[in-house]
Amino acid sequence: MEALYGSHWILTLLLAIPLVGAVACVAGGEGRARWTALLTTLLVLALSLPLFWTFRIGTAEFQNAVSLPWIERWGIRYAIGMDGISLLMILLTTVIMPISIAGSFSYIKTKERAFYASMLVLMTGMLGVFVALDLFLFYVFWEIMLIPMYLIIGIWGGKRRIYSAVKFFLFTAAGSLLMLVAIVVLVYLHQQQTGVSSFVYADLIQTSIAPGLQLLLFAAFGLAFAIKVPLFPFHTWLPDAHVEAPTAGSVILAGILLKMGVYGFLRFAMPLFPVAATSLPVIGTIVLLGLVGIIYAAWVAAVQPDAKKLIAYTSVAHLGFVMVGLFALNSQGVSGAILQMVNHGISTGALFLLVGMIYERRHTRLIADFGGLAKVMPFFAFALTVVALSSIGLPGTNGFVGEFLILVGAFQRYPLVAVLATTGVVFAAAYMLPMVQRIILNPLTQEENRELDDLNARERWILWPLLALILLIGVFPQPFLDRMSASVDGLIENVQTRRLPSQASRGPDLGANELRLAPTGERAIPEPDPDGGVGP
Amino acid sequence: MNEAFQPILPGLILGLPLLGAVLNGIGAFAWRDSKTIPSLVGPLTVLAAFAIGVANLLAMRAVMPHEPALVPLWTWMRSGELDISVMLMFDQLSLLMTLVVTGVGGIIHVYSVGYMRDDPGYSRYFAYLNLFIFFMLILVLSANYPLMFVGWEGVGLCSYLLIGFWYENREYSDAGKKAFIVNRIGDFGFLVAMFLLFSTFGTLDMPAIFREAPERLLADGALVTAITLFLFLGCVGKSAQIPLYVWLPDAMAGPTPVSALIHAATMVTAGVYLVARSGVLFALAPVSQAVVASVGAATALLAATIALQQFDIKKVLAYSTISQLGYMFVAVGIGAYTAGIFHLMTHAFFKALLFLGAGAVIHAVHDAWAATGAHGDPNDMRNHGGLRRLMPVTGTTMWIGTLAIAGVIPFAGFFSKDEIIWQAGVRGYAVLWALALVVALLTAGYMTRLMVMTFHGENRSGEGAGSHLHEVGAVMWMPLAILAALSVVGGWVQIPDALPLPHVDLLHSWLEPVFEPALLVAAGVAGQHGEASHTAPLGGGEALWAALSTTLAVIVILLVYRGLAARRYRPAAEAAEPTGFRAVLYHKWYVDELYDRLVVRPLLALWRGCWRIVDDRIIDGTVNGLAGVARLAGWTGSQLQSGRVATYLLVFMIGALIILGSLAF
Amino acid sequence: MTDFLFFLFSAMAVLSAIFMVMQSNPVASVLYLVVTFFSLSGLFVILDAHFIAAVQVIVYAGAIMVLFLFVIMLLNLGSAEVGDLRRGLSQLLAGSVAVALVAVFARLFLVETDPAVPEASALDPLLEAQGAVAAVAEPLFTRYLVAFEVTSVLLLVAVVGAVVLARRRAP
Amino acid sequence: MNAGYLADLALVLSAVLFAIGVGGVLVRRNAIIVFMCVELMLNAVNLSLVTFSRLHGIDGQIIVFFVISVAAAEAAVGLALILAIFRHYETVDLEAFRRLRW
Amino acid sequence: MTLDYASQSHYLIALLPEGIVTLGAFAVLLVDVFSRGRDSGPGGPWLERISVLSLLGAVAASLWLGFAVEAEPGLVAVDGFRLSGNLILLGGSLLAVLYAVDYGHREGLHIGEFYALLLLATAGMMVLVGAQDLVLVFLGLELMSIAVYVLTGFNRRDPRSAEAGLKYFLVGAFASAFVLYGIALLYGATGSTNLSEVMGVVTARTAEGSVLLAGGVLLLLIGFAYKIAAVPFHMWTPDAYEGAPTSVTGYMAVGVKAAAFVALLRVFSVQLAPAADFWSGVVWWLAMLTMIVPNLVALVQNNVKRMLAYSSVAHAGYLLVGVAAGTAFGRAASLFYLAAYTLMTLGAFAVVYAVAGKGDRRMTLADFRGLGWRRPALGFALLVFLLSLAGFPPTGGFVGKLFLLRAAIDADQVSLAVTLVLTSLISYYYYFRVVWKMYFEEGAEQAIASPGRAFRFSTAVCTGGVLLLGLLPGPALRAFERAGSEVATSEAIEVPAAATGAPTVGAEAAGSGP
């Protein structure tokens with residue numbers, strides 16, 4: 001236990017197991033793939049859960065970090081590690097994955113091996129994004145995720161799956177390509193300043209960049225992330241992708257993939273370009289777009305006839321909250337944003353699962369085709385109600401804690417925006433409650449619905465962990481906040497101090513105590529044994 | 001200071017109802033058909049909580065602490081300087097509220113055992129009801145605003161669930177949704193108020209805020225005015241004041257005990273509680289106080305007028321509730337916090353009584369119709385009439401309630417209402433005072449109309465129904481009796497000096513430690529406005545006006561009784577639509593229609609426009625347009641690839657010439 | 001005399017080249033091209049490239065052009081095909097391109113006198129010492145031996161290729 | 001007439017012939033004639049090379065020698081290709097060869 | 001050993017790889033001639049064995065040359081750059097031979113001459129790559145071109161093949177005249193055709209500038225632009241690629257382009273670097289156009305083979321970014337990209353012909369429907385190739401593009417870098433359209449003949465190679481960076497661009513030696 005969780009290998013293990021599982025899925029029989037995948041993800045979950053407790057609170061350094069040479073000529077390293085922010089994202093991923101796999105058992109009926117293998121590759125990609133501490137590595141993971149997701153939407157999706165898959169793909173790729181240019185420019189600048197080529201985060205973060213250039217680079221990074229978030233007006237890929245994707249795809253898309261955009265802002269765009277990130281035009285733009293997203297998406301959500309599309313739009317609104325909190329750049333705002341990411345993953349994931357469950361029964365997602373389901377599916381009604389309440393941020397559920405922290409934080413910095421954002425709370429009720437009403441309440445008019453079975457044991461077991469987390473985080477959010485607080489404070493301090501030109505040269509104190517991810521020039525890490533596996 | 005008050009079993013007060021909710025919730029799935037367990041668990045947990053509350057009351061009475069007792073449970077959220085704990089606060093006010101909530105709540109739980117006995121959602125019902133008690137207790141016992149907000153929205157949730165309890169009726173679930181959304185509008189104000197408080201004080205703990213407010217906040221300043229106005233927005237939503245009162249009449253869709261408990265006795269008074277609780281802040285903001293009192297008075301009048309022409313018995317009571325809530329806001333608005341809380345308490349008694357009585361009537365009519373196979377609206381008073389003989393207990397107790405709400409001495413309502421009117425008078429709010437008087441008379445009017453239409457005259461329930469109409473069972477009328485008793489004696493805790501009655505000062509002295517800071521602040525702020533007078537705006541002392549108002553009320557009751565008893569109503573199905581000004585009142589001044597035209601429909605149109613035009617046309621149009629342009633460019637380019645070598649060579653040469661030409665020229 | 005011959009050959013080369021292009025009968029075109037090549041051969045002589053002039057006549061005019069003629073005959077293209085010569089816009093375009101090209105080159109060669117170009121022929125001493133053939137042969141088989149060998153391989157490719165392509169259609 | 005002058009004239013002549021070749025390529029539709037125009041272009045270049053050779057030494061003439069060899073090779077292959085395509089299309093009109101397009 | 005070109009025999013050593021391949025071609029021709037009549041089947045196993053062996057021999061010889069031999073600048077360069085180029089070309093040829101085995105049998109092509117021409121074309125490419133003299137550049141170019149013209153028109157049963165051959169030939173011959181004119185003008189301006197000497201003269205005189213020189217440089221550039229199929233000199237490409245027998249298409253897309261690029265890099269990025277003023281702007285424009293135009297046109301292609309043809313034109317644009325950078329780093333990037341490009345393009349065309357079936361008939365997008373499910377291995381291979389072509393990690397195409405981006409940014413060519421990624425975005429659409437046909441749509445069950453061993457082997461090599469270059473590009477990067485800086489020049493002339501920004505290759509190479 002200690003040997004594993006104190007070591008550098010645990011994260012690599014988390015990355016590697018899904019890949020092995022993917023191969024096993026392809027190699028095994030068609031019927032066995034689902035179990036292989038489920039067991040693989042459960043194994044990863046079991047391995048990752050102890051991280052929550054072994055994580056050392058109160059330090060912003062990267063824990064369980066590894067840095068091995070990969071492409072030495074360019075200073076590209078297999079550098080991974082996690083801080084409080086990554087920890088939560090990792091756990092979110094490892095929790096959502098087995099759930100979405102178990103949620104696909106009856107949904108996916110064709111080409112199972114390929115499906116589950118794609119899911120597992122996707123998992124590696126997502127985990128990789130959250131642990132990568134090398135920009136090359138990050139980009140590789142970032143792009144790798146796209147392909148399984150493209151396949152998942154395109155192969156197992158609904159009627160307009162191809163359009164949606166392509167739209168998803170091109171939107172996302174459009175941003176990331178410019179980011180690639182920005183990464184290279186960053187490396188180039190770093191090389192000019194130090195003479196050493198390096199893609200390592202800890203090195204690049206010390207690069208001092210002229211404000212004007214920072215703005216450009218931030219824009220390039222920011223576009224990639226903003227599309228992924230998605231920030232208004234880059235959001236239109238999301239409803240299409242969500243609607244057409246199979247349930248598991250929607251769950252992952254909403255639950256995890258969207259978080260990568262925010263994570264990217266947090267981990268890369270803001271610390272790397274602090275002057276830009278704190279400049280008025282940038283903050284103004286992002287916060288304003290976030291605000292528009294909150295309100296606008298809520299409005300549009302309220303008039304959607306398709307349940308999945310409605311939920312998709314709520315994602316835009318929720319992530320708008322997250323962005324507003326993030327750019328409040330204070331403790332509450334950022335912590336709230338991170339927590340809200342987790343919350344959104346749980347509640348929106350659960351919503352998609354629920355909609356998927358009735359879709360499997362009725363093969364329609366139109367809200368109008370339902371009504372009165374509470375009568376025949378009481379457990380479903382219960383779960384939908386709880387999740388919907390979490391989604392609209394009812395106090396006592398997780399959604400409230402996140403939104404409250406975000407709004408408190410945002411209010412300190414830009415009161416008017418926060419007040420307007422708060423109206424989103426009203427609109428949230430205005431889109432979510434009618435949907436709930438029209439699905440589970442109202443008279444049971446459609447004959448087909450009369451024979452529906454309530455959720456079976458598997459479906460209930462998928463939902464229970466999510467329901468439990470909804471209440472757990474709602475009532476006891478502090479353990480989660482504790483784990484991220486040092487990282488959040490470190491990040492804020494880092495951004496705030498480095499934006500002052502006088503201190504521009506001062507590097508951040510990232511993990512100074514242990515396992516220092518030192519610049520490649522003077523490597524402080526004891527070189528791990530060379531046969532330890534270079535690269536994923 | 002010698003306060004050594006230690007709350008007794010504070011966790012259990014909250015824990016018991018929660019436990020009840022959980023057990024009943026499980027029951028709703030696990031033993032759906034069992035009625036025994038919910039019947040026991042539901043009421044008993046609440047009554048046990050009530051018992052603990054009483055014990056606490058006694059203990060506190062022994063000590064009479066000046067500072068609230070704080071019970072920290074666990075850290076809820078801490079980030080940066082924000083530090084919110086799950087912390088309970090026990091002081092005289094919160095304890096009083098606890099008793100009202102658990103006491104009235106317990107009685108209504110018992111009543112529900114009878115009222116809901118045939119409902120398939122029995123267990124679920126008690127789960128919701130217990131959950132409501134739990135959240136209501138959080139609301140009143142919380143030591144900080146966010147936790148209060150948990151209770152605040154929690155009760156809203158329960159209200160939503162219970163209004164739409166019979167979810168298969170579309171109108172009912174619509175009503176629930178409406179309640180929730182309208183409440184959320186108010187909650188928006190609450191949230192913003194909290195943000196303002198946090199950025200001002202760096203904390204959201206009430207004791208700290210109240211302690212520091214007089215120093216930190218400029219009296220009558222913009223900040224405190226903003227804070228209090230936003231808080232009041234929350235109250236407007238929760239307590240159904242203008243302009244957000246529209247949800248409450250619809251909320252009558254829920255089972256009648258729910259209307260009694262949530263939409264009359266407890267939840268809707270949370271706004272009054274919040275203003276009273278935040279008295280220090282309101283005292284610093286005279287503008288807000290004026291707003292609170294004016295909104296309260298206006299609401300009281302508006303609702304009372306509407307109540308005059310309603311036929312649905314619960315609607316009458318609902319508008320009556322709104323009107324009475326307006327009274328309470330007048331009280332807390334003018335700074336008479338104790339008066340407000342006093343009326344809150346007595347109102348809880350008699351309004352719960354009236355609702356439960358109405359419930360008994362409905363229940364009886366419903367059962368009768370079930371036996372005869374008749375259809376119609378059991379709530380409609382035009383279908384009642386003459387029930388006095390058939391349901392004597394109900395009729396009697398409801399008359400007590402009517403007298404109480406009408407302010408007839410010596411019933412509870414007389415004392416609390418009179419204090420409000422008097423306080424408005426002596427504090428110089430002449431208009432409010434006059435309005436309060438008028439509303440008191442209107443109240444007497446519409447309540448008498450209700451009683452007459454329901455219990456007097458001929459029975460209009462239809463052929464054969466009469467024989468099936470009979471008094472409800474003991475489990476239902478016993479609560480009526482208890483509440484009737486409370487409606488009589490409830491006012492005797494506070495009998496003004498001026499009246500030729502024994503002077504009782506229990507309530508004032510009990511609440512004095514809580515409201516003292518607010519009153520001190522108010523005194524400081526009001527210092528420049530001069531002393532309060534001791535006469536009403538038209539002259540005359542307290543005793544005179546009290547006598548006058550009770551006399552007038554009695555006169556109104558008699559007049560209305562005489563006027564209506566002779567009149568013959570027709571059953572609802574045969575009745576004609578009201579006309580003229582009556583129609584305006586019957587249609588509630590057309591406010592719902594106005595909202596629909598001015599707010600709901602334009603918004604929906606806007607939202608649809610956002611989707612169809614902004615998303616589909618503008619954003620996706622741009623993206624697809626770009627793709628189209630790219631394809632068009634590609635197609636154009638491909639047309640050059642015509643297969644003709646000559647073209648290829650010509651393009652080659654043009655390229656070559658440009659390259660060479662760039663050099664030569 | 002040299003100048004006269006130079007201008008004569010130049011004029012012949014240009015005129016016959018133009019005729020070659022504008023003549024729609026393929027056989028006539030071939031013959032005009034042969035005339036051009038002969039003229040060029042004459043120019044080569046004037047420019048001290050006697051050996052090349054000989055090769056030009058033998059290989060180009062003699063062998064290659066005969067090959068062309070042969071193919072034309074083989075394909076029975078003796079008379080002009082309709083529209084072989086483009087008219088109208090195409091002609092205008094082609095003419096403009098050609099004129100533009102000349103303009104560009106003229107500017108390259110005439111406007112700026114290149115300092116690298118010496119005034120007198122550099123070949124005179126060499127030709128006097130070795131004679132026309134040896135002067136070319138010597139470097140060809142020493143310095144340019146590699147290139148020579150590559151050329152041989154090139155011709156092999158041409159042979160193999162011609163055989164592969166021109167063979168009768170496989171069954 | 002001095003050598004420099006002659007050289008300039010020869011170069012311009014070469015350019016003119018090259019341009020005529022280019023014009024011919026563009027203006028003819030008969031594959032064989034087009035190919036002949038290309039041969040003319042090569043010859044034009046040869047003239048330049050010979051001219052330069054007079055200024056720089058014998059290398060230029062050697063290049064011309066190679067060029068003639070290459071031209072011969074190209075002629076062989078080119079004519080073979082023309083024969084091959086004639087078998088399919090029964091024509092040497094370039095406009096006819098439009099099976100591959102867009 | 002050290003070569004001294006005073007003795008002509010040393011050229012034999014310097015040209016050992018070319019010699020081996022040429023001899024191999026002779027041997028193939030002879031065996032073919034003598035086996036004919038006895039053996040009814042075309043060729044026989046000996047032909048491919050000889051071909052493969054001679055190519056492997058050339059690989060060995062190249063390695064030996066690159067590591068063990070040094071030489072003065074002469075007609076032929078002996079340097080790391082040529083070695084790298086040779087290895088890329090030989091690798092491509094080896095794979096092409098293997099594919100030809102498969103394809104030739106299926107199409108009934110006369111395989112003996114096919115191999116011989118392929119080997120001779122390879123020899124020509126290698127001459128082109130190693131040429132230090134413009135005469136040799138011209139001859140190498142022609143040797144390669146003429147052989148490939150023939151290969152293009154090789155399938156005499158197919159009118160498309162003949163048409164492609166003729167078009168390719170006519171435009172090629174036309175372009176040859178430009179190359180030749182360029183060489184003539186350069187010769188006229190500098191008095192030499194030896195690149196080292198040319199560079200010396202150019203360096204000395206560039207301050208004054210010379211219009212003649214500039215004209216020569218640009219004409220040469222036009223000629224090369226034709227060979228690498230840069231816009232607007234690319235228009236023959238789709239027709240030639242589409243019409244040629246598919247295994248030849250792969251080979252010409254890969255070999256011809258690689259050889260031309262390596263030569264272009266040697267001639268322009270190194271030897272004519274002092275004259276960069278004349279050509280860098282033009283290369284910038286060529287790169288821009290070549291990235292934008294074919295990517296747009298490829299969007300509307302329905303024929304996968306033709307689409308890949310446009311794609312390969314687009315790739316020339318990306319590669320031109322490396323040329324425009326004009327640095328050692330740019331050269332290294334181009335070499336790396338060429339290596340990845342060779343594998344992915346060959347592989348992609350091979351899969352296309354496997355799907356197309358006998359007679360290359362089924363090549364429209366619709367024919368690829370459901371391929372990923374019907375033939376998972378084939379589909380997966382194509383997926384990898386398409387990903388790499390699109391520049392997705394973890395493939396060689398991605399690392400290559402990153403390399404090119406770095407080169408561009410190091411050389412302060414951000415505009416090119418941005419255009420590169422934006423055009424890549426456009427290309428995603430048409431690459432991933434194939435993916436969607438393969439996986440998202442169901443196709444009618446049509447028999448795809450099971451490809452032979454050679455096909456499976458080479459496709460596996462291509463797939464593996466593409467992934468290897470993406471996952472562990474380290475060794476290749478190191479090799480190509482060294483190659484990029486190790487270009488034979490006349491002494492004492494520093495390549496000026498090499499100093500700007502690019503990793504201090506020399507220092508690092510010294511530090512990170514084996």
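Please read these numbers as outputs of a predicted model, since none were measured by experiment. Chain identifiers are assigned alphabetically (A, B, ...) following the order of the sequence lines, protein sequences preceding nucleic acid strands; residue numbering begins at 1 within each chain.
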Original post:
Do D/Met36 and C/Met65 have side-chain heavy atoms sitting under 4.5 Å apart?
Top reply: yes

Subject >> Partner chain C: residue of D/Ala10, D/Ser14, D/Ala84, D/Gly78 with the largest heavy-atom pair count (under 4.5 Å) >> reply: D/Ala10

Original post:
Would you call D/Arg28 and C/Arg86 a side-chain contact if the rule is heavy atoms closer than 4.5 Å?
Top reply: no

Original post:
Which atom pair, heavy atoms only, marks the closest approach of D/Ile33 to C/Pro26?
Top reply: CD1-CA, 3.7 Å

Subject >> Best-contacting candidate, C/Ala13, C/Ser90, C/Gly161, C/Ala147, against chain D by heavy atom pairs under 4.5 angstrom >> reply: C/Ala147

Original post:
Hey, which of C/Leu67, C/Leu155, C/Val97 has the most heavy atom pairs under 4.5 Å with chain D?
Top reply: C/Leu67

**OP:** State whether the number of non-hydrogen atoms from other residues, nucleotides or ligands found under 6.0 Å of C/Phe70 atom CZ is greater than 12.
**Re:** no

Subject >> Min side-chain heavy-atom separation C/Phe37-D/Asn43 under 4.5 Å >> reply: yes

**OP:** Below 4.5 Å from any heavy atom of chain D, which atoms of C/Leu156 appear? Answer side chain, backbone, both or neither.
**Re:** neither

Original post:
Considering only heavy atoms, which portion of C/Leu40 lies under 4.5 Å from any heavy atom of chain D: side chain, backbone, both, or neither?
Top reply: side chain

**OP:** Below 4.5 Å from any heavy atom of chain D, which atoms of C/Leu140 appear? Answer side chain, backbone, both or neither.
**Re:** both

Subject >> Heavy-atom contact with chain D under 4.5 Å, split by part of C/Ser10 >> reply: both

Original post:
Out of curiosity, C/Ser41 OG to D/Leu47 CG, how far, rounded to the nearest 0.5 Å?
Top reply: 11.5 Å

Original post:
In terms of heavy-atom pairs under 4.5 Å with chain D, which of C/Val30, C/Thr36, C/Ile46 leads?
Top reply: C/Val30

Original post:
Distance from C/Asp3 atom CG to D/Leu9 atom CG, nearest 0.5 Å?
Top reply: 9.0 Å

**OP:** Taking all heavy atoms of D/Ser69 and all of C/Thr151, pick out the closest pair and write down the distance.
**Re:** CB-CG2, 3.3 Å

Original post:
Just by distance, do the side chain of C/Arg143 and the backbone of D/Asp59 share a donor-acceptor pair under 3.5 Å?
Top reply: no

Original post:
So do the side chains of C/Val14 and D/Leu13 get within less than 4.5 Å of each other, counting heavy atoms only?
Top reply: yes

Original post:
Between C/Phe68 and D/Phe35, is the gap from one ring center to the other below 6.0 Å?
Top reply: yes

Original post:
Under the side-chain hydrogen bond (donor to acceptor under 3.5 Å, both in side chains) test, which residues partner D/Arg99, sequence neighbours left out?
Top reply: none

Original post:
Between C/Leu75, C/Val71, C/Ile72, which is the residue that forms a side chain to side chain contact (heavy atoms under 4.5 Å, CB included) with D/Leu79?
Top reply: C/Val71

**OP:** Give, as side chain, backbone, both or neither, the part of C/Leu43 having an atom under 4.5 angstrom from any heavy atom of chain D.
**Re:** side chain

Original post:
Between D/Leu83 and C/Leu165, is any pair of side-chain heavy atoms under 4.5 Å apart?
Top reply: no

Original post:
What part of C/Val136 gets closer than 4.5 Å to chain D, counting heavy atoms only: side chain, backbone, both or neither?
Top reply: both

Original post:
In terms of heavy-atom pairs under 4.5 Å with chain D, which of C/Leu101, C/Ile52, C/Val102 leads?
Top reply: C/Ile52

**OP:** Please flag which part of D/Glu95 lies under 4.5 Å from any non-hydrogen atom of chain C: side chain, backbone, both or neither.
**Re:** side chain

**OP:** State whether a side-chain donor-acceptor pair under 3.5 Å links D/Asn46 with C/Gln56.
**Re:** no

Original post:
Taking every heavy-atom pair that is under 4.5 Å apart, which of D/Ile58, D/Ile32, D/Val70, D/Val22 has the most such pairs with chain C?
Top reply: D/Ile58

Original post:
C/Glu138: what forms a side-chain hydrogen bond (donor to acceptor under 3.5 Å, both in side chains) with it, not counting sequence neighbours?
Top reply: none

Original post:
Side chain, backbone, both or neither: which part of C/Leu33 has an atom under 4.5 Å from a heavy atom of chain D?
Top reply: side chain

**OP:** For chain C, find which of D/Leu40, D/Thr51, D/Ile68, D/Leu81 contributes the most heavy-atom pairs closer than 4.5 angstrom.
**Re:** D/Ile68

Original post:
Most heavy-atom pairs under 4.5 angstrom with chain C, which of D/Val64, D/Leu17, D/Val34?
Top reply: D/Leu17

Subject >> Distance-minimising heavy-atom pair for D/Ala80 and C/Ala162 >> reply: CB-CA, 3.7 Å

**OP:** Determine the interplanar angle of the C/Phe148 and D/Phe66 rings, folded into 0 to 90°, and report it as parallel if under 30°, tilted if 30 to 60°, perpendicular if over 60°.
**Re:** tilted

